[in-house]
Structure formats: C-alpha cells, structure tokens
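Residue numbers start from 1 in every chain, and the chains themselves are labelled A, B, ... in the order their sequence lines are given, proteins ahead of strands. Keep in mind it's a predicted model, so treat the numbers as computed, not measured.
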Amino acid sequence: MLDRRFIRENPQAVKDAVRVKGIGLDVDELLSLDQASRDLQRELDDAQARRRSFAREFARADEETRIRLRAEHEEQDAHLKEVREELAEVSEKLQALMLQTPTIPWEGSPVGADDTANVTIRTWGQAPAFGFEPKDHVELLENRGWAEFARARKVAGERAYALVGEMVMLERALLTYALDHLIEVGSTVISVPVLVREEPLTGTGQFPAHREETYAITADDLYLAGTAEVALTGLHSGEILDLRQLPIRYAGISPCFRREAGSAGRDVRGLLRVHQFEKVEQWVMCAADDAESDRWHFEILGAAEHLLQALGLHYEVVECATGDMGAGKYRMNDINTWFPSLGKFRETHSCSSLHDWQARRANLRYRDADGSVKFAFTLNNTAIATPRLLAALVENYQTADGKVTVPEVLRPYLGGRAQL
RNA sequence: GGUGGAGUCGCCUAGUGGCCGAGGGCGCACGCCUCGAAAGCGUGUGAGGGGGCAACCCCUCCGUGGGUUCAAAUCCCACCUCCACCGCCA
C-alpha cells in the first residue's frame with residue numbers, strides 16, 4: 001500500500017508502476033475517491049464540532065431552550081448521519097483500491113509481464129556430470145522406500161506425500177542446518193503460528209489479491225498461512241518500536257500451506273509443488289532507508305546463497321521482472337536451483353524488498369531519531385524450503401547404484417554418515 | 001466448553017451519564033538551581049485524519065464493533081485478549 005499523499009503528488013509514477021506490474025487498478029478513480037473522501041471528512045469534522053458544542057449548551061440550558069435545541073439536534077443528526085454514510089461508502093471503495101496500489105519498482109528491474117522476462121544475473125557452480133542416466137527424485141525415493149505417494153494421496157488427496165525413514169532425517173538436517181547458519185549470522189530463531197487471522201494476511205499482501213491460494217478454516221474464521229512471513233509481519237503490528245530496536249532479523253520456521261489454485265494440473269508428480277511443506281524463512285524489519293534496505297536485501301540473499309554453496313548445489317540468481325514480482329515488491333531476486341531430471345533450474349528461493357508497502361498494511365512503525373513516527377521497511381527471503389530443495393539435493397547427489405551422497409555440511413546432523 | 005474478574009496515554013493508576021474538552025504518579029525531554037551532578041522546583045510529553053503560507057485550528061481514538069441518549073471511558077449487546085477456577089486434553 002502506498003501513501004495517499006504520495007499518490008496525489010506522483011500520479012504518473014503510480015500509473016507507470018500499475019502498468020509494468022500488470023495490475024488492474026484505475027489510479028484516476030482512486031484520486032477522485034481520495035478527493036471526495038477529504039471533502040466529506042472536512043464536512044463531517046465541522047458538523048461534529050457544531051454538534052458537540054450544542055450538546056454542551058443543552059446541559060446548561062433551561063427547559064424552554066431545551067425544547068428548541070432538541071429540534072435543532074434532530075436536524076443536525078440527520079445531516080451528520082448522511083455525511084457519515086456517504087463518507088463510509090467512499091472510504092470503503094477507496095480502501096479497496098488502496099490495497100491494490102503497488103510499490104514503485106526498482107528502476108533496474110526488467111520490465112515484462114511474467115517470469116519469462118526475468119534476467120539471470122549470475123550462476124554458481126555447475127550441473128553434476130553423471131556417468132549414468134540420472135533418475136528423477138520420485139523414482140529415487142520410491143526405489144529406496146523413502147516416500148509414500150499413492151498411500152499419502154489416499155489419505156490426503158492430490159499432491160500429498162509422506163517422507164519415510166532416512167528422508168525424514170535428511171529433511172530435518174536441511175532445516176536445522178539452515179537455522180544454525182542463520183543464528184550464526186545474527187538472526188533470532190522463531191517458530192510462528194501458521195493458523196492465523198485474516199488481518200495479518202491482509203497485512204502481508206496475501207489478501208485480498210491472492211485469497212484463493214489460502215486455505216480457510218471457516219468454522220473458526222482462521223486461515224492456514226502459506227509462509228511464516230505472515231505471522232512474522234504480524235508480530236509487531238500496531239507497535240511503535242524504538243529506533244534502537246531495529247533492525248529485527250528473524251529466522252522463522254513453520255509448515256506452509258498452499259492451495260495451488262492457480263496451477264491445477266501443473267507439477268503434480270512428486271515433490272516439486274505440494275500443498276504442505278516446511279520452510280525456514282528469513283525476515284527483516286529495518287529503518288525506512290533505501291540504502292539500508294538494499295544492504296539487507298543482499299545480506300539475506302547472500303545468506304541463502306551461502307546455504308546453497310555449502311550444499312554444493314548449482315544455482316542461478318535472477319532479477320525478477322516487474323510483472324513477476326507482485327504488487328508490493330520494490331525488488332525481487334529469485335534463486336533457481338538445478339534439477340538434473342528437468343535439465344534446468346527451478347525456483348527454490350525468493351528474496352524480496354517491500355520498502356514500506358507491507359509496513360503500511362500491517363502498521364509496522366518506529367520512532368526515528370528526530371522523534372517522528374515512520375513506517376519501517378520489510379524484506380524477506382527463503383532460507384530452505386523443503387521438500388522442493390530436498391528433491392534437488394537427492395537428484396544432484398544420486399549415485400549410479402541409487403544411493404545419495406550426503407553433502408559434508410549435513411553429515412553432523414546425520415550421525416556423520418557420508419551416504420544414504 | 002462453563003463460571004467469575006479485568007482491559008484508560010511508554011508504564012502504574014483516577015474515573016458509576018454533563019465539572020472528562022480524560023486527572024495524578026513514574027519514566028522521558030528541556031529549563032532553573034549547581035563548579036558539575038543528584039535532589040528540589042518549573043515547563044512539556046500519545047496516535048490517526050483534515051484545514052491553513054504560517055503561528056495555529058478542527059475532528060476521531062479510553063481493547064474492537066454495534067446500540068441507547070440531547071450528551072457515553074461510564075449504560076446495553078456481540079466479539080477479542082488477559083487473569084482465576086471448573087471441565088476436557090497432547
């Protein structure tokens with residue numbers, strides 16, 4: 001969400017952002033609603049001021065005057081009610097449009113409608129050379145009894161899976177390794193609620209645009225969050241933090257739930273696109289400063305790259321196109337990891353700077369050095385999302401005889417074993 | 001799930017329909033005092049919105065949302081959160 005004053009003063013910048021991000025928002029309508037809302041607000045303020053002084057007069061008046069005042073009150077109340085209703089109607093429409101306003105994207109982001117316009121800015125490592133025909137992760141896991149797909153789908157429907165035996169331990173190892181590294185670089189580890197209210201989902205930007213992608217528990221008016229980011233952003237909602245409390249750097253761990261409503265039939269095989277997965281998420285709230293936000297962007301992007309490098313996985317970092325990054329993002333870099341079975345990179349991480357867009361929605365504020373209250377900047381990035389990354393790991397580290405070599409950094413978490 | 005109690009400014013609290021247009025204390029900031037400090041004294045001390053070139057003015061907010069009333073922190077209803085006890089339970 002943008003600042004109303006900013007939209008008023010920079011309508012063209014907002015229109016440009018709406019266009020390059022492919023958002024169906026009528027900025028002129030928003031501007032006229034903004035004007036109408038301010039006019040009505042002024043009218044209401046004046047009318048209320050008058051009404052209040054009349055009520056005080058009433059308290060001091062004699063019986064005769066009271067009869068006269070009562071009649072005037074009725075007139076005033078009718079007018080007040082009318083203005084209030086009109087303002088409520090305008091405000092509701094305005095708010096609906098405000099929630100669609102995009103962050104102005106970084107000028108370096110490639111302009112394009114979708115991820116086909118994303119630009120690779122670097123690659124690390126290389127694809128493993130197998131002296132044999134590599135198997136995909138489904139075959140690898142089934143051959144070793146490391147996963148149940150058919151039985152899991154009997155229980156939970158399409159895209160369900162169950163990891164078995166050593167695969168469970170390997171997944172745990174990945175997550176624990178990520179947490180250990182993030183602690184080392186100064187993050188506060190936090191396990192967050194996943195069953196959440198509507199407000200934090202609106203706060204992060206999941207709602208209203210992506211409501212269909214979220215599971216709803218209608219009996220209790222709760223939802224299953226698709227990422228720890230939802231709770232992390234909600235944690236400090238409504239607070240005014242002291243500048244000294246910033247930056248806040250969290251490593252949130254949680255299960256994640258996604259309906260995948262927009263991708264029916266895609267990637268139904270295996271572990272690449274599932275309804276339920278585990279993720280360690282990096283999240284940062286910092287002062288409202290472009291340079292500091294940029295610094296954190298590269299810090300948390302670097303942390304994710306560090307993990308992949310330590311795991312020895314071949315990856316590329318892409319600069320995401322304006323149409324791929326979503327309304328709230330100033331800048332987004334995805335990391336795509338190499339999948340031998342696909343013969344290509346596949347998204348495993350997504351690093352986003354949102355400037356104050358989320359902070360405005362979620363009401364994340366701090367008191368600056370000069371005493372003024374400001375909306376903070378937020379950023380987030382995946383650290384490890386599994387089982388997608390687990391699938392990449394297994395495919396990249398498979399041996400000719402169907403075993404999996406354990407990357408050295410994970411061995412301490414698996415009793416020192418070098419191979420599974 | 002049930003019963004009872006509670007939610008007021010950063011913190012503690014006063015407040016049972018008009019004197020609340022929210023008082024006091026703590027904390028914090030500034031000033032006086034002092035060689036300097038502490039103590040003491042004085043002044044100030046929230047958020048959001050609107051208007052004005054400006055000094056400044058106005059409106060909203062006492063957990064949230066409704067309602068009653070000329071008038072609500074105060075009365076009524078629903079919800080949220082916390083505390084206590086009962087029930088159930090990993």
Base-pairing assignment for [N] (Watson-Crick or G-U wobble, both under 3.5 Å):
{"N": "B:G7", "value": "B:C80"}
{"N": "B:C85", "value": "B:G2"}
{"N": "B:U34", "value": "none"}
{"N": "B:A14", "value": "none"}
{"N": "B:A55", "value": "none"}
{"N": "B:C61", "value": "B:G46"}
{"N": "B:C75", "value": "B:G67"}
{"N": "B:A90", "value": "none"}

Take atom [atom1] in [N] and the same atom in [M], then report the distance between them in whole Å.
{"N": "B:U64", "M": "B:G25", "atom1": "C1'", "answer": "29 Å"}
{"N": "B:G66", "M": "B:U60", "atom1": "P", "answer": "15 Å"}
{"N": "B:A72", "M": "B:G5", "atom1": "P", "answer": "26 Å"}
{"N": "B:G44", "M": "B:A54", "atom1": "C1'", "answer": "22 Å"}
{"N": "B:C58", "M": "B:U45", "atom1": "P", "answer": "15 Å"}
{"N": "B:C82", "M": "B:U8", "atom1": "P", "answer": "15 Å"}
{"N": "B:A6", "M": "B:U74", "atom1": "P", "answer": "14 Å"}
{"N": "B:C20", "M": "B:C41", "atom1": "P", "answer": "25 Å"}

Atom [atom1] of [X] and atom [atom2] of [N]: how far apart are they, to the nearest Å?
{"X": "A:D368", "N": "B:A47", "atom1": "CG", "atom2": "P", "result": "13 Å"}
{"X": "A:R84", "N": "B:C59", "atom1": "CZ", "atom2": "P", "result": "13 Å"}
{"X": "A:I240", "N": "B:C9", "atom1": "CD1", "atom2": "P", "result": "13 Å"}
{"X": "A:D242", "N": "B:C28", "atom1": "CG", "atom2": "C1'", "result": "11 Å"}
{"X": "A:Y366", "N": "B:G10", "atom1": "OH", "atom2": "C1'", "result": "19 Å"}
{"X": "A:Q48", "N": "B:A71", "atom1": "CD", "atom2": "P", "result": "12 Å"}
{"X": "A:L80", "N": "B:C70", "atom1": "CG", "atom2": "C1'", "result": "13 Å"}
{"X": "A:L364", "N": "B:A47", "atom1": "CG", "atom2": "C1'", "result": "16 Å"}

Within a radius of less than 6.0 Å around [atom1] of [X], do more than 12 heavy atoms belonging to other residues, nucleotides or ligands occur?
{"X": "A:R8", "atom1": "CZ", "value": "yes"}
{"X": "A:Q35", "atom1": "CD", "value": "yes"}
{"X": "A:K93", "atom1": "NZ", "value": "no"}

Kindly point out which of B:C70, B:A47, B:U60 is positioned nearest to the side chain of A:R367?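 Between B:C70, B:A47, B:U60, the one nearest the side chain of A:R367 would be B:A47.
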Classify the ring geometry of A:F377 against A:H355: parallel below 30°, tilted from 30° to 60°, perpendicular beyond 60°. parallel
Pair [X] + [Y], salt bridge at N-O below 4.0 Å:
{"X": "A:R331", "Y": "A:D294", "result": "no"}
{"X": "A:D77", "Y": "A:R51", "result": "yes"}
{"X": "A:R346", "Y": "A:D267", "result": "yes"}
{"X": "A:D34", "Y": "A:R4", "result": "yes"}
{"X": "A:E212", "Y": "A:R259", "result": "no"}

Sorted by position of nearest nucleotide on RNA chain B, 5' first, the leading residue of A:R197 and A:L44 is A:L44
Of A:H73 and A:R50, the one whose nearest nucleotide on RNA chain B sits closer to the 5' end is A:R50
Which atom pairs link the protein and nucleotides 61-68 of chain B when you take only N or O atoms and keep those under 3.5 Å?
none

Could you pull out the protein-nucleic contacts involving nucleotides 72-75 of chain B (nitrogen or oxygen on both sides, under 3.5 Å)?
none

Between A:R361 and A:W357, is NZ or CZ placed under 6.0 angstrom from the six-membered ring centre and within 45° of the ring axis? yes
Within 45° of the six-membered ring axis of A:F277 and under 6.0 Å from that ring's centre, is NZ or CZ of A:R388 located there? no
Heteroatom pairs (N/O) under 3.5 angstrom, protein to nucleotides 48-55 of chain B:
{"from": "B:G49", "atom 1": "N2", "to": "A:D45", "atom 2": "OD2", "distance (Å)": "2.9"}
{"from": "B:G51", "atom 1": "OP1", "to": "A:R38", "atom 2": "NH1", "distance (Å)": "3.3"}

Checking A:N380 against A:E229: is there a side-chain donor and acceptor pair closer than 3.5 Å?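 Result is yes, a qualifying pair exists.
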Can you find a heavy atom in the side chain of A:M325 that is under 4.5 Å from one in the side chain of A:P105? yes
Within this structure, what is the OG-CD distance for the pair A:S350 and A:E281, rounded to the nearest 0.5 Å?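 These two atoms lie 8.5 Å from each other.
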